[in-house]
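In what follows, every chain begins at residue 1, and chains take the letters A, B, ... in the order their sequences are listed.
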2 protein chains.
Amino acid sequence: MTNSTEHPAPHNHSLCINTALTLAAQLCIERGVQLTAIRQQVLELIWADHHAVKAYDLLERIKPLQSSAKPATIYRALDFLREQGFIHRVESLNAFVGCTDLRSIHEQLLLICKQCENVEERHADSVMQALRQEFALAGFTAHHQAIEIHGICATCTQSNNTPPLN
Amino acid sequence: MTNSTEHPAPHNHSLCINTALTLAAQLCIERGVQLTAIRQQVLELIWADHHAVKAYDLLERIKPLQSSAKPATIYRALDFLREQGFIHRVESLNAFVGCTDLRSIHEQLLLICKQCENVEERHADSVMQALRQEFALAGFTAHHQAIEIHGICATCTQSNNTPPLN
DNA sequence: GTATGGTTCGTTACAATATAACATCTCAAT
DNA sequence: ATTGAGATGTTATATTGTAACGAACCATAC
């Protein structure tokens with residue numbers, strides 16, 4: 001089922017989510033780690049759309065499936081999924097979003113729309129290149145980056161400028 | 001009193017902090033807003049060093065001065081100082097750091113050292129330029145950015161490679 | 001088989017971070 | 001004196017995240 005009621009960039013989201021879940025399962029086998037039921041369910045819930053999801057929302061949503069779920073249940077699954085690179089934490093929202101490029105471990109930036117709440121992951125090589133130069137200038141050794149941009153996405157901008165016909 | 005026991009880039013920190021506080025006071029007058037005792041004290045506590053400071057640590061530190069201080073006291077002061085551009089929130093640490101460029105409202109990136117915990121604000125024009133190009137490509141209108149890089153700063157790298165003489 | 005050990009999960013309790021809501025105070029302008 | 005805006009006091013609570021410990025599971029070695 002696609003997200004037909006949402007207006008962000010239309011795409012076949014059931015394909016999108018299935019691709020992600022299938023690849024994640026493959027990678028777990030390759031890496032010899034366990035994609036347990038809980039972990040898979042959390043990953044599916046995060047992939048339900050392209051929004052960032054909060055841990056306690058995940059907890060509410062998973063309870064019908066795992067009635068014993070507690071905060072630790074969720075945070076453990078999130079830790080696992082992050083270690084495997086399947087999801088990103090959105091620091092400025094205290095929330096989590098599915099990673100759209102599971103194979104290559106790129107640094108990414110996140111474009112977060114205030115209006116539709118979609119999060120778009122971009123690799124932005126020129127930005128990353130400029131960042132590396134800046135690190136060199138500063139003598140800084142980078143280990144981890146969080147680059148989060150809040151604003152209005154292309155789709156919302158368009159629909160804001162195109163009022164409904166009726 | 002300078003921070004002689006810390007090893008990050010030596011500078012005259014009492015000058016550094018006084019400059020910041022004086023300028024903040026000036027700007028408040030120019031803008032017709034009140035730098036009240038609480039707000040000034042919080043700003044001073046944040047400027048005590050170049051580390052990011054957590055709200056509840058500020059609360060503990062301000063209690064000797066403002067015995068009635070409660071969480072809301074701190075968060076209100078932090079809100080004010082952020083609105084005025086005197087401090088930044090470090091999203092990935094849930095903490096706050098003094099802004100080192102009060103006059104010009106640049107977007108900045110933060111280099112956060114895991115070892116000495118210093119936070120260096122940099123303007124990195126080439127990075128910001130590359131970001132603007134990326135936004136244009138994506139059709140994204142940016143309102144606010146959080147660019148936070150965790151790693152090891154130049155000073156720590158040096159001192160790590162230069163073991164003590166004795 | 002059963003011991004051993006690593007991983008995952010259940011469970012309880014709590015720590016840490018942040019906000020809501022409403023009362024009170026202050027002080028300048030009227 | 002009165003009023004109104006901004007700042008603070010105060011209580012309560014919401015939200016986010018961890019610690020700690022035991023039980024269950026399961027593969028491997030003895």
Closest listed nucleotide, where the reference is the side chain of [X] and the choices are [options]:
X       : options                : value
B:Ala55 : C:dA20, D:dG17, C:dA18 : C:dA18
B:Lys70 : C:dT17, D:dA7, D:dT10  : D:dT10
B:Thr73 : C:dT17, D:dG9, D:dT18  : D:dG9
B:Arg39 : D:dG9, D:dA7, D:dG17   : D:dA7

What's the [atom1]-[atom2] distance between [X] and [N], to the nearest Å?
X       : N      : atom1 : atom2 : value
B:Asp79 : C:dT17 : CG    : C1'   : 13 Å
A:Gln34 : D:dC26 : CD    : P     : 9 Å
A:Leu93 : D:dG17 : CG    : C1'   : 16 Å
B:Ile74 : C:dA18 : CD1   : C1'   : 13 Å
B:Leu58 : C:dA18 : CG    : P     : 11 Å
A:Arg89 : D:dG17 : CZ    : C1'   : 9 Å
A:Tyr75 : D:dA19 : OH    : P     : 13 Å
B:Phe80 : D:dG6  : CZ    : P     : 12 Å

May I ask you to say what A:Ala69 touches in the nucleic acid, namely base, sugar-phosphate or nothing, with a heavy-atom cut-off under 4.0 Å? nothing

List the steps and the verdict of side chain to side chain donor-acceptor pair (under 3.5 Å) for A:Glu91 and B:Asn94. CA-CA 9 Å; A:Glu91 302 289 351; B:Asn94 294 335; over 6 Å; no

Checking only heavy atoms, does the side chain of A:Arg76 share a donor-acceptor pair with the base of C:dG10 at less than 3.5 Å? yes

Describe, in one word, how the ring planes of A:His106 and A:His123 are oriented to each other, choosing from parallel (under 30°), tilted (30 to 60°) and perpendicular (over 60°). tilted

B:His13 vs B:His50 aromatic rings, parallel, tilted or perpendicular, using cut-offs 30° and 60°? perpendicular

Per nearest nucleotide of DNA chain C, the residue lying toward the 5' end, B:Tyr56 or A:Ser68, is A:Ser68

Any chance you could measure A:Arg132, atom CZ, to A:Phe135, atom CZ, to the nearest 0.5 Å? 9.0 Å

Find the distance between CZ (B:Arg82) and CD (B:Gln84) and round it off to the nearest 0.5 Å. 12.5 Å

Judged by each residue's nearest nucleotide on DNA chain D, which is more toward the 5′ side, B:Pro71 or B:Ala37? B:Ala37

Compare side-chain N and O positions of B:Lys54 against OP1 and OP2 of C:dT17 and report whether any pair is under 4.0 Å apart. yes

